[in-house]
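In what follows, a structure is listed as structure tokens, so that the remarks can point back to it.
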Amino acid sequence: MTMEPSGTGRMVLSLAVIALLALAVWLTMEPGKFEYFTWVVLGFFASRVVLLRLRARYSESGAPVERKQEG
């Protein structure tokens, strides 16, 4: 797990932070429109992280990019 832009380290770390924020929202906020808005924002960021990670696997032509093996 590396912290390079194309590595999985950044994705795992950012999804872990989003999960911690979601846990904080669930435990601390009262149900209502602000809680729902917060869920939507966190979901947006989580989906953006995953989609950008999937996008980094492909070149501009759409073909899969060859990745170097770690270790």
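No hydrogens, no waters, no symmetry mates; every other heavy atom, side chains included, goes into these values.
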Original post:
Do Leu21 and Phe37 belong together in a cluster built from hydrophobic side chains that touch within less than 4.5 Å?
Top reply: yes
Subject >> Partners passing side-chain contact (heavy atoms from CB on, under 4.5 Å) against Leu27 (at least two apart in sequence or in another chain) >> reply: Leu23
Original post:
Who are the side-chain contact (heavy atoms from CB on, under 4.5 Å) partners of Ala22, not counting sequence neighbours?
Top reply: Trp39, Leu42
Original post:
Mind checking whether Val17 and Phe44 sit in one hydrophobic cluster, side chains of I, L, V, M, F, W, Y counted as touching below 4.5 Å?
Top reply: yes
**OP:** Not counting sequence neighbours, which residues clear side-chain contact (heavy atoms from CB on, under 4.5 Å) with Ala46? List them please.
**Re:** Leu15, Ile18
Subject >> Least distance between heavy atoms, Glu30 atom then Glu35 atom >> reply: O-CB, 3.7 Å
